[in-house]
Amino acid sequence: MALFNLAQIVRMLEETGTGGAGFRFIYGAFLQEAAEKTGMTFLNDYSARMTEIGDKWREFSFKASKVIKKRSDETYTCDELADFLQEIGEQERDFFRSLYAAVKDHKAE
């Protein structure tokens, strides 16, 4: 049952476009364009950070697919995947808190 649920998560992340790497790459591109349009050049740094987070989501999906398909060349445990998701979540939380503070500080100038 756990593998089925993991497969559903990966499918929802990558195939149906409800989250995961694709959305983070689109958001990174948005931030890059926003930096150009608004002159808030610091948004370029946030664009790069969001792209890195997208790469982590892609890596998660790759590792999860190895677990689902039971590939013998590399094995990851569900605990390792859970820890990796926790890490991604913390990075995203820090990202959005920092972005909020940076935009708020910019408005105050």
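FYI, side chains are in, hydrogens and waters are out, and symmetry mates aren't considered; it's all heavy atoms of this structure.
Here the CZ atom belonging to Phe60 is positioned 4.0 Å from the CG atom belonging to Leu85, to the nearest 0.5 angstrom. Here the CD atom belonging to Glu80 is positioned 3.5 Å from the OG1 atom belonging to Thr77, to the nearest 0.5 angstrom. Rounding to the nearest 0.5 Å gives a distance of 8.5 Å between CD1 of Ile68 and OG of Ser61. Considering NZ of Lys66 and OH of Tyr76, their distance stands at 7.0 Å, rounded to 0.5 Å. If you take OH on Tyr27 and CD1 on Ile53, they are separated by 10.5 Å, rounding to the nearest 0.5 Å. The CD atom of Gln91 lies 12.5 Å from the CZ atom of Phe96; values are rounded to the nearest 0.5 Å.
Clustering ILVMFWY residues whenever any of their side-chain heavy atoms sit less than 4.5 angstrom apart, transitively, puts Ile88 in a cluster other than the one holding Phe25. Note: the hydrophobic cluster containing Ile26 does not contain Phe30 (ILVMFWY, side chain heavy atoms under 4.5 Å, direct or indirect links).
When all heavy atoms of Asn44 and Ala35 are compared, the closest pair comes out as OD1-CB, 3.6 Å. In terms of heavy atoms, Gly54 sits closest to Ala21 at O-CB, 3.2 Å. The nearest pair of heavy atoms linking Ser47 to Gly28 is OG-O, 2.7 Å. Leu31 and Leu43 make their closest contact through O-CB, 3.7 Å (heavy atoms, listed as atom of the first residue, atom of the second, distance).
Residues forming a side chain to side chain contact (heavy atoms under 4.5 Å, CB included) with Glu52 (at least two apart in sequence, or on another chain): none. Residues satisfying the salt bridge (Lys or Arg N to Asp or Glu O under 4.0 Å) test with Glu87, not counting sequence neighbours, are Lys56. Under the side chain to side chain contact (heavy atoms under 4.5 Å, CB included) criterion, Arg93 pairs with Glu90, Arg97, not counting sequence neighbours. Every residue meeting the side-chain hydrogen bond (donor to acceptor under 3.5 Å, both in side chains) condition with Tyr46, not counting sequence neighbours, appears here in chain and number order: Ser98. Partners of Glu36 according to the side chain to side chain contact (heavy atoms under 4.5 Å, CB included) rule, which considers only residues two or more places apart in sequence or in another chain, are Gln32. Judged as a side-chain hydrogen bond (donor to acceptor under 3.5 Å, both in side chains), and not counting sequence neighbours, the contacts of Glu92 are Arg24, Trp57.
The side-chain tip of Lys63 points at the ring of Phe84 from less than 6.0 angstrom away and within 45° of straight on.
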